[in-house]
> 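The structure follows.
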Protein chains: 2
Amino acid sequence: MKKISDFNGVCDTDCPVARANDIIGGKWTTLIIRDLLSGKKRYSELARSLAGISPRMLAARLDMLCGAGLVAKTVYPTVPPKTEYELTDAGKRIEPVIAAMAEFGSKLR
Amino acid sequence: MKKISDFNGVCDTDCPVARANDIIGGKWTTLIIRDLLSGKKRYSELARSLAGISPRMLAARLDMLCGAGLVAKTVYPTVPPKTEYELTDAGKRIEPVIAAMAEFGSKLR
DNA sequence: ATATATAACTATAGAAAGTGAAGTAGTTAC
DNA sequence: GTAACTACTTCACTTTCTATAGTTATATAT
């Protein structure tokens with residue numbers, strides 16, 4: 001199987017903007033965070049909200065965010081399975097970025 | 001020649017975050033804006049600063065930003081040519097997003 | 001006179017990333 | 001015994017992006 005790289009690959013480790021971009025600069029990441037800001041969500045809820053994302057991509061982004069310590073995953077060993085994703089305290093520090101984006105986006109056009 | 005789509009394609013026009021993401025959600029856009037926040041820049045300056053971007057991508061992103069009215073382009077008809085890119089007033093409204101990213105990025109890891 | 005240098009791109013080929021549909025797994029309800 | 005349910009994974013294919021090689025028009029060096 002082809003691997004989806006975890007990060008953005010633009011890794012100027014000295015620039016904080018570049019470091020943030022490495023994590024939230026992907027096509028879907030900010031939208032995933034936006035959804036998680038209103039509370040924990042199941043995989044299927046995220047998939048429904050993010051119309052157009054492929055399951056492969058959603059899983060990859062969530063994995064990346066978990067690996068970066070920004071999102072926590074809870075698996076309930078039920079059948080059918082249930083998984084919940086939630087922002088960690090570190091992940092909640094992205095909120096000002098999303099808020100600034102919302103402000104900018106609302107003034108567009 | 002293959003076309004690079006201007007926008008991100010995730011166009012939930014009702015969500016301001018998605019609208020912002022459509023513009024600044026690309027791999028390089030926030031870094032271009034970051035560079036332009038410190039004043040007008042030539043194409044070659046941007047290319048040098050954004051190590052790893054292809055000339056095609058840089059031109060495409062700058063075109064997109066100009067088309068969205070966030071960046072203004074000035075061409076000096078000299079030889080060799082000289083082009084300058086500058087944030088418009090609308091473009092300067094992205095600054096809070098970059099600032100929030102910098103804040104978040106500086107606290108990572 | 002010819003060759004070279006220069007900046008800002010554009011063209012092309014190939015690598016990488018992303019999509020959509022189908023499959024997997026394990027139990028429970030019918 | 002078959003269908004349903006969720007959270008993925010796999011595969012084939014399309015789209016995007018990178019790296020490298022032009023292109024253009026003049027000025028300067030040889």
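Letters go in sequence order (proteins before strands), and every chain restarts at 1. No experiment lies behind these values; they were computed from the predicted model shown.
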> So, OP1 or OP2 of C:dC9: does either fall under 4.0 Å of a side-chain N or O from B:Tyr85?
yes

> Tell me the closest heavy-atom pair linking B:Tyr43 and B:Ala59, and the distance in Å.
CE1-N, 4.2 Å

> Which residues satisfy the side-chain hydrogen bond (donor to acceptor under 3.5 Å, both in side chains) test with A:Glu86, sequence neighbours excluded?
none

> Find out whether B:Trp28 and B:Leu31 are in side-chain contact, i.e. whether some heavy atom of one side chain is under 4.5 Å from a heavy atom of the other.
yes

> Does D:dA7 have OP1 or OP2 sitting under 4.0 Å from an N or O in the side chain of A:Lys73?
no

> Could you tell me how far apart B:Glu45 (CD) and C:dC9 (C1') are, to the nearest whole angstrom?
16 Å

> Just to verify, what does B:Glu45 make a salt bridge (charged side-chain N to carboxylate O under 4.0 Å, His left out) with, not counting sequence neighbours?
none

> Would you name the heavy atoms of B:Ile23 and B:Ala68 that are closest together and state the gap between them?
CD1-CB, 4.1 Å

> By nearest nucleotide on DNA chain C, pick out whichever of A:Gly52 and A:Pro80 is the more 5' one.
A:Gly52

> A:Lys73: what forms a salt bridge (charged side-chain N to carboxylate O under 4.0 Å, His left out) with it, not counting sequence neighbours?
none

> Output all residues satisfying side-chain contact (heavy atoms from CB on, under 4.5 Å) with B:Ala90, sequence neighbours left out; order by chain, then residue number.
B:Leu70, B:Thr88, B:Arg93

> Between A:Lys41 and A:Gly39, is there a donor-acceptor pair closer than 3.5 Å when you use the side chain of the first and the backbone of the second?
yes

> To the closest 0.5 Å, what do you measure between CD1 (B:Ile94) and CZ (B:Arg34)?
14.0 Å

> Out of C:dA7, D:dT9, C:dG18, which has the shortest distance to the side chain of B:Ser44?
C:dA7

> Can a side chain N or O of A:Trp28 be found less than 4.0 Å away from OP1 or OP2 on C:dT19?
yes

> Would you mind reading off the distance between B:Tyr76 atom OH and C:dA7 atom C1', rounded to a whole angstrom?
14 Å

> Between C:dC9, C:dG18, D:dA7, which nucleotide gets closest to the side-chain atoms of B:Tyr43?
C:dC9

> Any idea which of D:dT18, D:dT9, D:dT6 is nearest the B:Met57 side chain?
D:dT18

> Can a side chain N or O of A:Lys82 be found less than 4.0 Å away from OP1 or OP2 on D:dC5?
no

> Please tell me if A:Ser54 has a side-chain N or O lying less than 4.0 Å from either OP1 or OP2 of C:dG18.
no

> Give the rounded distance in Å between these two atoms: CD of A:Glu84 and C1' of D:dA7.
13 Å

> Find every protein N or O atom lying less than 3.5 Å from an N or O atom of nucleotides 21-24 of chain D, and list the pairs.
none

> Extract all donor-acceptor atom pairs below 3.5 Å that involve side chains of residues 97-106 of chain B and protein atoms in other chains or at least two apart in sequence.
residue	atom	partner	partner atom	Å
B:Glu103	OE2	B:Lys107	NZ	2.5
B:Ser106	OG	B:Ala102	O	3.3
B:Ser106	OG	B:Glu103	O	2.8

> A:Leu58 has an atom CG; how far is it from atom P of C:dG20, in whole Å?
13 Å

> Can a side chain N or O of A:Thr83 be found less than 4.0 Å away from OP1 or OP2 on D:dT6?
no

> Can you find a heavy atom in the side chain of B:Leu65 that is under 4.5 Å from one in the side chain of B:Leu87?
no

> So which protein nitrogen or oxygen atoms get under 3.5 Å of nucleotides 28-30 of chain C's nitrogens or oxygens?
none

> I need the CG-C1' distance between A:Asp63 and D:dA7, as an integer number of Å.
12 Å

> Tell me the bend of the helix from C:dA1-D:dT30 to C:dC30-D:dG1 as the angle between end helix axes, each from five pairs, rounded to the nearest 10 degrees.
30°

> Rounded to whole angstrom units, what separation is found between the CZ atom of B:Arg48 and the C1' atom of C:dA8?
13 Å

> What pairs with A:Thr78 under side-chain hydrogen bond (donor to acceptor under 3.5 Å, both in side chains), at least two apart in sequence or on another chain?
none

> Would you mind reading off the distance between A:Leu50 atom CG and C:dT19 atom C1', rounded to a whole angstrom?
14 Å

> Rounded to the nearest 0.5 Å, what separates atom OG1 in B:Thr29 from atom CG in A:Asn21?
8.5 Å

> Rounded to whole Å, how long is the line connecting atom CG of B:Leu62 with atom P of C:dC9?
8 Å

> Report yes if a side-chain nitrogen or oxygen of B:Arg56 is closer than 4.0 Å to either non-bridging phosphate oxygen (OP1 or OP2) of D:dT16; otherwise report no.
no

